[in-house]
Amino acid sequence: MDSRGGDRPVLMGAAGPKDRMAHPGDRRAEKAAVIVLDGASRDLLWEGIRSGRLPNLARMAEGGVRGEMNSSIPPETAPAMADLLTGTQGGKHGLYGFYTLDRETMEIKVNTYRDVRAPTVVDYLESLGLAVGLFGIPLMYPLPRPSGGFAVSGFGVPDDVVWAWPRWAYESLRGRGYTPSGRVLALVEDEEKTAEEEAAQLLGCWEGLKAILDRKVDDITLLVAWFKETDHVAHVLWHRPDLVMKVYEAADRVVGEFVEEYGRDWFVQVVSDHGFTARRRLFYPNSFLRREGFMRLRTSPATVFRAAVTGLLEDARRRFAGVEAEVHRVGRFSVRRRISEIAARSMVLGVRDVDLGGSIAYAFGSNMTEFAPIYLADGIDREAWLEALREAFSGLQGVEEVLDGRSIYRGPEAQRAPDLVVRFERDVTCMSNRIMLNPDRMFERPGGVYAGKHEFVGIYLCSGPGVRRGVVGGVRRLVNVMPTALHALNLAVPSYMDGDVDLWCFEGGGITLGGPRRVRFGPTTSALRGTIESLRRRLRERRRGDERPGGEMGGPD
């Protein structure tokens, strides 16, 4: 069994670490790091570099490559995490958001690390005998156990499970007060304090990671470290860029200290899983689908009740503008989130209220991006209705492009992907999980606690041996990050990865003689997989007596 509970891949015909092709005169890195600043905005980060407030990132840009990064579709942390770790798009790894919708039962399931269906870079490097360190990875539960490395979960993982491995790493971080999702603060009256605490939390995560690196840095070949605070502060304080910059300054310090203390000779990539921008207009795609006759609601008693509650809430919001924001100011985010989730799932209209037999299409997905994922009902003429939907959405204000899902998602998991994806202008937030009672209510100005939203384009910087100096330009893809890291390490890129090596980042166009190499990488049989896992566990028990599988601190099987 692999680190996510699926088939463990095995290398077929690839060279091991001792067989790397060395090209005389080439400089290559022995280690690589990917530092993810969750939601880092191109506008704010480039301004911080220009103004001198982010000196370490500025030095990295001057000594390496700086550009922009296209995220996953939609640009949410969950699919972006899978894009990054697997080097594939959703049609292979199967994550299209934080939630998966069963299109037959209309039941919603929260995604976890186990739902990533493609091999990760951890699987690939372990087959080469190389260790990986993972820190702060969102949704990373059940917890993987990288052989010779370490794993620490991040946002979206409960605090009351075992969220770090090995055991000593868990105990060290718990003693420092680390929790996977952190303390996401409400927008309180003291906005300065909110920014200060988010910055302090980010630096606290870095101190915890340093304590692990001091013991494991010599063992690992690749580090992936994810810092969530740059995203969380932007959601609630985007209207105060001076305060958001305080958290960016903390991130800048982390990057500088990492390079100085550990990564001087590493190939280092600093990326954002998605960008960030202002949240100025809300669009409700299900309202549009209802108004145009593409969607109908059920007539069951439960749906009628939820429709009545939804109508009351809409009327209250309309009558008492600004009350919603004040309500959100009271209490901690965790309390607010629990209340809103209970209300959203049990008391107001949702996707479960769609009449599948009488509908052509419905929207389901993120409430934080400019993308509206559209799903078709079963048993209809797909091509004819896709064309009708494309024509209808193309005439809407703010629409930039309408994409066929089959052009975005390709692979064995594509059958669960959206059939159509509508992309709006960057300041539009598509409220794809909402169904409003009034179908004419499609656009509105945002209220509530959130001031910022995700956007498709984020940031990218890289530096290290063999990297070109002071280069600006080029739009990269998130799925290119791992293939490029492997190439910098002079390792072949597994053939299942959809991403490409960004050769323009390197002096002379590349590291290896003849350019990037691809190698086949596939699953083992169940018997061999079980044997390998059993041997690995026995070795761990002998070498680390304090890490007992199934024990209190050992993590999930």
Side-chain angles (χ1 to χ4, degrees), residues 1-5 8 17 31-36 81 85 112-114 116 120-182 204-228 258 261-263 266 529-530 532-557:
M1 179 174 278
D2 78 347
S3 57
R4 295 173 313 287
R8 172 174 171 75
K31 298 178 185 290
V34 179
I35 300 175
V36 183
M81 174 274 292
L85 291 185
T112 69
Y113 189 68
R114 179 169 288 171
V116 179
T120 69
V121 71
V122 179
D123 302 316
Y124 177 60
L125 288 187
E126 281 194 345
S127 71
L128 298 177
L130 302 174
V132 176
L134 304 173
F135 183 87
I137 308 301
L139 299 182
M140 193 171 66
Y141 190 81
L143 193 68
R145 296 179 169 189
S147 180
F150 60 88
V152 179
S153 300
F155 182 74
V157 174
D159 297 338
D160 57 353
V161 302
V162 179
W163 38 255
W165 183 88
R167 174 177 175 173
W168 59 262
Y170 178 87
E171 293 179 335
S172 172
L173 290 168
R174 189 173 61 169
R176 295 172 178 272
Y178 177 90
T179 56
S181 291
C205 291
W206 167 233
E207 292 299 321
L209 175 56
K210 282 201 295 185
I212 298 174
L213 287 176
D214 286 342
R215 292 183 60 170
K216 298 296 292 183
V217 69
D218 291 336
D219 299 334
I220 63 173
T221 298
L222 174 69
L223 168 70
V224 182
W226 200 299
F227 296 95
K228 59 191 173 296
F258 170 77
E261 298 181 29
Y262 305 100
W266 292 41
R529 183 176 70 244
I532 292 173
E533 184 64 20
S534 177
L535 289 173
R536 289 174 62 196
R537 290 185 179 181
R538 290 182 184 180
L539 287 172
R540 287 174 185 149
E541 289 179 9
R542 288 186 180 182
R543 289 186 294 182
R544 304 180 178 91
D546 61 339
E547 294 153 11
R548 299 178 178 85
E552 179 186 356
M553 309 299 292
D557 289 335

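No hydrogens, no waters, no symmetry mates; every other heavy atom, side chains included, goes into these values.
Residues satisfying the side chain to side chain donor-acceptor pair (under 3.5 Å) criterion with W163, sequence neighbours excluded, are absent altogether.
Across V162 and Y170, no two heavy atoms sit closer than the pair CA-CE1, 4.0 Å. Pairing each heavy atom of W226 with each of G136, the nearest pair is CB-O, 3.2 Å. A pairwise comparison of heavy atoms in W266 and A33 identifies CE3-CB, 3.6 Å as the closest pair. When all heavy atoms are compared, the tightest approach of S181 to G156 is OG-N, 3.0 Å. Looking at every heavy atom in both residues, C205 comes nearest to K228 through SG-NZ, 3.9 Å. Shortest non-hydrogen contact noted between D219 and A131 is O-CB, 3.4 Å.
Without hydrogens or angle criteria, K31 side chain to I220 main chain gives a donor-acceptor distance under 3.5 Å. Proximity of a side-chain donor or acceptor of T112 to a complementary backbone N or O of L139 within less than 3.5 Å is not detected. Within the 3.5 Å criterion, the main-chain N or O of G148 finds a donor-acceptor partner in the side chain of K216.
With values rounded to the nearest 0.5 angstrom, L213 atom CG is found 10.5 Å from D218 atom CG. Between atom NZ of residue K210 and atom OG of residue S172 there is a gap of 12.5 Å, rounded to the nearest 0.5 Å. Note that the CZ atom of F155 and the OG1 atom of T179 stand 11.0 Å from one another [nearest 0.5 Å]. Atom CG of L134 is separated from atom OG1 of T120 by 7.5 Å, given to the nearest 0.5 angstrom.
In this structure, a donor-acceptor pair under 3.5 Å is present between the side chains of Y262 and D214.
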Practice task
Applying side-chain contact (heavy atoms from CB on, under 4.5 Å), run through V224 and L85 and close with a yes or a no.
Solution key: CA-CA 9 Å; V224 182; L85 291 185; 4.3 Å; yes

Practice task
Show your reasoning for whether side-chain contact (heavy atoms from CB on, under 4.5 Å) applies to V161 and L143.
Solution key: CA-CA 9 Å; V161 302; L143 193 68; over 6 Å; no

Problem - Derivation and outcome, side-chain contact (heavy atoms from CB on, under 4.5 Å), residues L128 and T221 - result: CA-CA 11 Å; L128 298 177; T221 298; over 6 Å; no

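Put simply, the side chain of L209 reaches to within 4.5 Å of the side chain of F227, judged on heavy atoms. A heavy-atom distance below 4.5 Å is found between the side chains of D159 and P180. By the 4.5 Å heavy-atom criterion applied to side chains, L222 and V121 are counted as neighbours.
Across F258, F150, Y178, a single residue satisfies ring pair (Phe, Tyr, Trp, His ring centres under 6.0 Å) together with F135, and that is Y178.
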